[in-house]
Amino acid sequence: MEWAFGDFYLSQERAELVGPDGPIALEKRPLDLLVHLVANAERVVSKDEIVEVVWQRRIVSDATIATAVKQVRKAVGDSGTEQAIIKTIHGRGLRFVAALRETGPAEPSPVTTEIKLEEPSVAPVGTARPTVAVLRFQILGEGGPANSLADAVPAELISSLSRMKWAQVIARGSSFRFEPDVAEPESIGAQLGARYLIAGSVEVVGDMVTLSVELLSAQDGALIWSDRYASALSDIQIMRHQIVASVIAAMELQVPNFEAEHARRLSGSQYDAWSHFHMGLRHIYRFNQVDNRLAAEHFHQAIGLDREFARAHAGLSFAHWQEAFMQFGPDRAAPLAQAKAAAEQALAIDPQDPFANFNMGRAYWLEGDPLSGCDWLDRALLINPNFAQCHYSKGLNVMLTGEAEAAREAVGKAMTLSPLDPLYYAMLGVQSLTYIADESFEKAARTADRGLHHPGAHFYLGLVSVLAHELNGDRQAAEGRLKGLLETRPDISQEIFFQAFPFVDKEIRDRISGSMTRLRLA
């Protein structure tokens, strides 16, 4: 059979879709789906029927069907928003609604062409400030006492996300208009101007409730991150807060990574301020001199394009701080002063940006004033209580004053919030130092060694491992590790270590100094 609609010809016999410019490439399943919808244009085709006919009753996910529908719509110039050719009948299925006309066989054309896609209604990934829409969660089954979570968790996520500053969050009144699991991500993104969607589901089985959360790219429906949480019904409220904290921490990590990966594919002339900012973040966590210099250059470029870009100033503060902390050059005072000045500039532009407050707190730590550093970190956590790296930095500041237990608690919270954090190795390093403070040297050695297996671990963590093993009485292991460190960083000394970790607590400082002296580190 053959059909014509608009400027398109569809041949079932030749398994071919021809457009105004020639044959259009379409995979087998989407083409079979289009044929079946056209052949049954007089009625609604259910999802079960699609699975039976197109996938021959094989097990297939809703996402797979949605992807096939999306491919068909793009091929024929339709969209999830317009639905001028294939219409979604909510709760029932799909119907082909374009006018059909009888036709003879379409002449195949030897010329192939790319499908002409719709112009994006939002800025491409990697450019401009990311925009996020949080949808109402879908209720699976009867729901019962957990029904409230379908609105409560997304509403709390909207409130918490709005504190992050680097993302623009669509208001609840707009994003909650969409029925869960009906409209396609591209359609929602186009209507809301959103680049990312957070969707989820709530299901109750017996006395257990399960929530699933997904972070999606609204431009192509790609799944960026997902997680699943289960709890007893009696612990719903505790679970609710844990989920929000976990999702916010994941957003802090996943979206910048996703943005940077796409920005990397652009040419330098296409970069805007946000592109440079995300590329700077891509380099800043590698803690080596080359990447740190590249990060600083990207942040400078971002500021050159937008002088009022608070986060770019804060990122530049991070780069200067890292230069002083890692002592990449002979002059430590200059980059430390620059770190503080850049943080001050970020705060002057936006005093409510948690990243700016975070960087100011770290500048005070490196100056040897961890108590003042804690004040700034507390401000950052007041704005964004789920800022994992800020909890870690506060733990380090508190540890420098000798409060080992409070430090472990803060770092433990950071590790729970962000188990894939690029600074996870550093969190383990601080935990190791708290065990040294408590004279739990075996735990200290074991924890530091765990950190060394994580990507990005630098020489300071190696030195903490050396100290922990020496204090634990394993001199051979300590000296073996130290020998390897000195080959890559021959200038290791007590002065360098205590400039990076200016302990206020004299007892802990003397314990570490004694260990370094026994290892012949002046």
Side-chain angles (χ1 to χ4, degrees), residues 225 249-261 263-264 277-299 314-329 335 339 355 358-359 362 365-366 387-397 399 410-434 444-468 481-482 484-489 491-492 496-497 499-501:
W225 169 88
M251 286 285 293
E252 289 273 15
L253 176 64
Q254 300 294 339
V255 170
N257 283 345
F258 195 76
E259 292 280 323
E261 180 59 29
R264 188 176 62 84
F277 175 71
H278 286 117
M279 287 303 294
L281 290 183
R282 186 182 183 89
H283 290 283
I284 198 69
Y285 291 110
R286 295 174 182 171
F287 276 76
N288 64 69
Q289 194 166 7
V290 173
D291 278 291
N292 193 59
R293 189 180 297 120
L294 288 170
E297 182 159 337
H298 279 294
F299 294 137
L316 187 59
S317 173
F318 194 147
H320 289 312
W321 171 90
Q322 187 177 139
E323 183 179 354
F325 175 69
M326 297 296 291
Q327 302 197 37
F328 288 140
F355 191 52
F358 163 77
N359 280 285
R362 300 217 300 175
W365 145 33
L366 211 52
F387 192 170
Q389 290 185 11
C390 198
H391 282 289
Y392 143 69
S393 290
K394 183 177 179 182
L396 194 153
N397 277 254
M399 183 269 300
V411 174
K413 184 165 187 177
M415 295 167 77
T416 299
L417 283 170
S418 189
L420 298 177
D421 201 277
L423 294 181
Y424 198 86
Y425 67 89
M427 298 173 188
L428 288 167
V430 175
Q431 275 199 336
S432 179
L433 286 171
T434 67
R446 189 167 61 247
T447 303
D449 287 350
R450 278 181 58 205
L452 291 173
H453 291 97
H454 285 259
H458 48 65
F459 81 94
Y460 283 123
L461 182 57
L463 188 52
V464 171
S465 173
V466 167
L467 296 172
R481 285 166 168 75
L482 180 58
L485 281 180
L486 289 171
E487 289 175 357
T488 57
R489 188 76 191 230
D491 61 338
I492 293 175
I496 284 179
F497 182 81
Q499 282 180 339
F501 301 97

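All residue numbers in this chain count up from 1 along the given sequence.
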Exercise. Between G462 and L485, which heavy-atom pair has the shortest distance, and what is it?
Worked result: C-CD1, 3.4 Å

Problem set entry | Electrostatic pair R293-D291, nearest N-O below 4.0 angstrom | no

Exercise. Nearest 0.5 Å, what's the OG-CZ distance between S418 and F387?
Worked result: 10.5 Å

Exercise. Are there more than 12 heavy atoms of other residues, nucleotides or ligands under 6.0 Å from atom CD of Q327?
Worked result: yes

Exercise. Which heavy atom of T416 sits nearest a heavy atom of P419, and at what distance?
Worked result: O-CD, 3.6 Å

Exercise. Is there a donor-acceptor pair closer than 3.5 Å between any side-chain N or O of S393 and the backbone N or O of Q389?
Worked result: yes

Exercise. Any side-chain heavy atom of I284 within less than 4.5 Å of one from N292?
Worked result: yes

Exercise. Can you name the closest pair of heavy atoms from A249 and L417 and give their distance?
Worked result: CB-O, 3.0 Å

Exercise. Quick one: CE on M326 to NE2 on H458, what's the gap to the nearest 0.5 Å?
Worked result: 5.0 Å

Exercise. How many angstroms lie between atom CD1 of I492 and atom CZ of F459, to the nearest 0.5 angstrom?
Worked result: 6.0 Å

Exercise. Which heavy atom of H391 sits nearest a heavy atom of A414, and at what distance?
Worked result: CB-CB, 3.9 Å

Exercise. Do F501 and F325 come within less than 4.5 Å of each other through their side chains, counting heavy atoms only?
Worked result: yes

Exercise. Listed by chain and number, what are the salt bridge (charged side-chain N to carboxylate O under 4.0 Å, His left out) partners of E261, not counting sequence neighbours?
Worked result: R264, R265, R282

Kindly list each side-chain donor-acceptor pair under 3.5 angstrom involving residues 422-432, sequence neighbours excluded, with atom names and distances?
| from | atom 1 | to | atom 2 | distance (Å) |
| --- | --- | --- | --- | --- |
| Y425 | OH | G456 | O | 3.3 |
| S432 | OG | A444 | O | 2.7 |

Seminar exercise, completed: Of all heavy-atom pairs linking F358 and C390, the shortest is CD1-CA, 3.9 Å

Exercise. If we only count heavy atoms from C-beta on, is the F258 to H278 side-chain gap below 4.5 Å?
Worked result: no

Problem set entry | D421 side chain reached by Y392 side chain, heavy atoms, under 4.5 Å | no

Problem set entry | Side-chain touch M251/W225, heavy atoms, less than 4.5 angstrom | no

Exercise. Distance from H320 atom NE2 to N359 atom CG, nearest 0.5 Å?
Worked result: 11.0 Å

For this session: Go through the steps to decide whether L366 and W321 satisfy the test side chain to side chain contact (heavy atoms under 4.5 Å, CB included), and finish with yes or no.
Result: CA-CA 8 Å; L366 211 52; W321 171 90; 3.6 Å; yes

Exercise. Is the distance between the ring centroids of F299 and F318 less than 6.0 Å?
Worked result: no

Problem set entry | Side-chain touch R481/D449, heavy atoms, less than 4.5 angstrom | yes

Problem set entry | Nearest atoms (heavy-atom pairs only) where G451 meets A457 | O-CB, 3.7 Å

